[in-house]
S.K.: 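Can you read through this structure? Questions will come right after.
FYI, the numbering just counts along the sequence from 1.
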Amino acid sequence: MEIKRDRYLNDLIDRMNNGMIKVVTGIRRCGKSYLIFNIFKDYLLGQGVSESHIIAIELDQRKIRNMEREFEEVLNSLLHIRNVDIYVTGSNSKFLSKDVITEFRGRGDEVHIYPLTFREFMQVYEGDMYHGWAEWSIYGGLPLTISMKTEKQKILYLTKLFDETYLKDITEGHRIEKTQALENLVNVLASAIGSLTNVPKIEATFRSVIRSYISGNTIRQYIEYLEDAFVINKANRYDVKGRKYIGTPAKYYFEDVGIVEKRGVNEEGKTERKQLEIDFVANLGSKRYYIQSAFSMPTEEKQLQEKASLFRVNDSFKKIIIVKDVVNVTRDEIGITTMNIYDFLLKENSLEL
C-alpha cells in the first residue's frame, strides 16, 4: 500500500541541484523518511540514476549516532563537492523545530510535510468518500492509522504518540518540569479550535475551569514551543479593509485532527464567530481567496447569513462557501461560489471551480 505524495515529490524535484541542503521537516510519523528514502528514491531510479549513486545514511544507527552533534558542519562541507545533491530529514529535536533551517547558515531549503490530506487518504481507503470522511475527520492523516483495523487500535496509537512522543519531545527538549500545565494547555487549545483566543483568555480558563494558576508568560512560551514543534499552527486575523494582519486574538489549529480528537475541556465563555467575520483569507502571491465554512444552508435566511460578510468585500478576488451538504458547485449573481466539502478536498484545483 503506497500513497502517492505528489505535492512533496514535486517540491523535491523542483529543488534538485539547486546548491542547497533540502531539509524535510514535519511532526513525527507524518511520512518524512518515507518521502525521501522510498518515493523520491524510486523517482531517481526511474530517471536513470544508478542506485550506486544514491547514498543513504541513517544517523540514528548506534555506530554513527555521535555524528548528530556535528551534522550541520558535515552537511555544509558536502556542499563544496560539485556533484553532490543533499536531502536530509530526521525525528530528533533539531528536525522537529522551525529553527532547523538556521543551522545551515542560509544554505537550507525547507520542504514541510503534513499528515495525509483527505485526498491522499482516499487513495487507499477501502470505502466511499462519506465513510472515508467520517474516518479521516476523527482519526486524522498519520499514515500508520490507515493500516489499523479497529477503533481501539487507532485511539491507543494516537494517544500514546501524543503523550509519549510529541509532549515528551517538548518537555525534554525545553526542560519543562510542569508537564501537567503543558498538557492542560493542549487541552484548552483543543477546546478552542476555530475560535478566537489569546493569552489572557487562556489564563482565565486555567483559573476558572482547571482551577490552576499559570502565568501569561509561561502560556505564551508553551504555545511557542508547540508551534515550534509543528504540533499547532496559528492563524492570525486579517483586516480585509486595512490589508494587514492583526496579532491578537488568533485561532489555533492542530497539525493533525487525529492527535487532538479526544482532548479538550469545557471552556467557559467560548467565543462564537461574529456575524460579519470571514472564516479564512488565503493569500498566495497575487491571488487571494475568501473562504466561509458552514455545515449547511437549508434556508434562504441561512444563505444570507453566511454570505453577509462576503457581501462587504469590494474586491474581485474569489469568494467561496464550503458546506457539508452534497450540493453541486454553484455561483450566484454576485460571484460567490458554493461547493461541498468533498469537491473542495478531493478535486484538483478546487478553488478554481
S.K.: If you compare all heavy atoms of S147 against all heavy atoms of L144, which two are closest, and at what distance to 0.1 Å?
M.R.: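 Between these two residues, the closest heavy atoms are OG-O, 2.9 Å.
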S.K.: Please check: side-chain N/O of E110 versus main-chain N/O of V23, any donor-acceptor pairing under 3.5 Å?
M.R.: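 Judged by distance alone, no pair lies under 3.5 Å.
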S.K.: Restricting to non-hydrogen atoms, name the atom on I259 and the atom on L142 that form the minimum distance, rounded to 0.1 Å.
M.R.: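 Result for this residue pair: CG2-CD1, 3.9 Å.
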S.K.: Quick check on N328: does its CG atom have over 12 non-hydrogen neighbours (other residues, nucleotides or ligands) under 6.0 Å away?
M.R.: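 Incorrect, the count does not exceed 12.
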S.K.: Quick check on side-chain contact (heavy atoms from CB on, under 4.5 Å): which of L353, L351, I320, V329 does F344 satisfy it with?
M.R.: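 Among the candidates, only L351 passes.
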S.K.: Counting C-beta onward and ignoring hydrogens, is there a side-chain heavy-atom pair between Y289 and E352 closer than 4.5 Å?
M.R.: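 Side-chain contact under 4.5 Å: yes.
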S.K.: Within the side chain of S296, is there an N or O that forms a donor-acceptor pair under 3.5 Å with the backbone of P298?
M.R.: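 It does not hold such a pair.
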S.K.: Measure the acute angle between the ring planes of F118 and F121, then classify it against the limits of 30° and 60° as parallel, tilted or perpendicular.
M.R.: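 If you compare the ring of F118 with that of F121, the planes turn out parallel.
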S.K.: What class does the angle between the rings of F280 and Y253 fall in, given that below 30° is parallel, 30 to 60° is tilted and above 60° is perpendicular?
M.R.: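 Plane angle between 30° and 60°, so tilted.
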S.K.: Can you say whether the rings of W133 and Y342 are parallel (under 30°), tilted (30 to 60°) or perpendicular (over 60°)?
M.R.: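 Geometry flag for Y342 against W133: perpendicular rings.
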S.K.: Locate the shortest heavy-atom distance separating I27 from F230; write the atom from each residue and the value.
M.R.: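 Looks like CG2-O, 3.0 Å.
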S.K.: How far apart are the closest heavy atoms of V257 and S137, and which atoms are they?
M.R.: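 Minimum heavy-atom separation between V257 and S137: CG2-O, 3.8 Å.
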S.K.: Establish, from distance only, whether the side-chain atoms of N233 and Y114 form a donor-acceptor pair under 3.5 Å.
M.R.: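 Not at all, the side chains of N233 and Y114 share no donor-acceptor pair under 3.5 Å.
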S.K.: Has the side chain of W136 got a donor or acceptor atom that lies under 3.5 Å from a matching backbone atom of M122?
M.R.: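 Not at all, since once roles are kept as given, no pair shorter than 3.5 Å links the two residues.
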S.K.: Do L75 and R107 make a side-chain contact, defined as non-hydrogen atoms from C-beta onward lying under 4.5 Å apart?
M.R.: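 Answer no - side chains too far apart.
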S.K.: Check whether any side-chain N or O of N10 sits under 3.5 Å from a backbone N or O of D6 as a donor-acceptor pair, and report yes or no.
M.R.: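 Between the backbone of D6 and the side chain of N10 there is a qualifying donor-acceptor contact (under 3.5 Å).
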S.K.: State, to 0.1 Å, how close D85 and M20 come at their nearest heavy-atom pair, and which atoms those are.
M.R.: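 Distance-wise, the nearest heavy atoms are OD1-O, 4.4 Å.
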S.K.: If we ignore hydrogens and angles and just use 3.5 Å, is the side chain of K32 paired with the main-chain N or O of V24 as donor and acceptor?
M.R.: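 Here the side-chain-to-backbone pair does not exist.
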S.K.: Compare all side-chain heavy atoms of T179 with those of L167 and state whether any distance is below 4.5 angstrom.
M.R.: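 Not touching, per the 4.5 Å side-chain cut-off.
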S.K.: Does the T205 side chain pair with the main chain of K201, one donor and one acceptor, at a distance under 3.5 Å?
M.R.: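 Between the backbone of K201 and the side chain of T205 there is a qualifying donor-acceptor contact (under 3.5 Å).
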S.K.: Find the distance between NZ (K22) and OG1 (T89) and round it off to the nearest 0.5 Å.
M.R.: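 Reported to 0.5 Å precision, the distance equals 14.0 Å.
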S.K.: For R15 and D11, indicate whether the former's side chain and the latter's backbone hold a donor-acceptor pair under 3.5 Å.
M.R.: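 Here the side-chain-to-backbone pair exists.
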S.K.: Distance alone, cut at 3.5 Å: any donor-acceptor contact between the side chains of Y252 and E227?
M.R.: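 E227 and Y252 do not have a side-chain donor-acceptor pair below 3.5 Å.
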S.K.: Quick check: closest heavy atoms across S286 and F317, and the distance to 0.1 Å?
M.R.: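 Looking at all heavy atoms of both residues, the shortest contact is O-CE2, 3.4 Å.
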S.K.: L189 and side-chain contact (heavy atoms from CB on, under 4.5 Å): which partner among V231, V260, I232?
M.R.: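 For L189, the side-chain contact (heavy atoms from CB on, under 4.5 Å) check succeeds only for I232.
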S.K.: What do you reckon, is CZ of R207 surrounded by more than 12 foreign heavy atoms closer than 6.0 Å?
M.R.: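 Enclosed.
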S.K.: For the side chain of Q123 and the backbone of K4, is there at least one donor-acceptor N/O pair under 3.5 Å apart?
M.R.: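 Looks like yes, one N/O pair under 3.5 Å.
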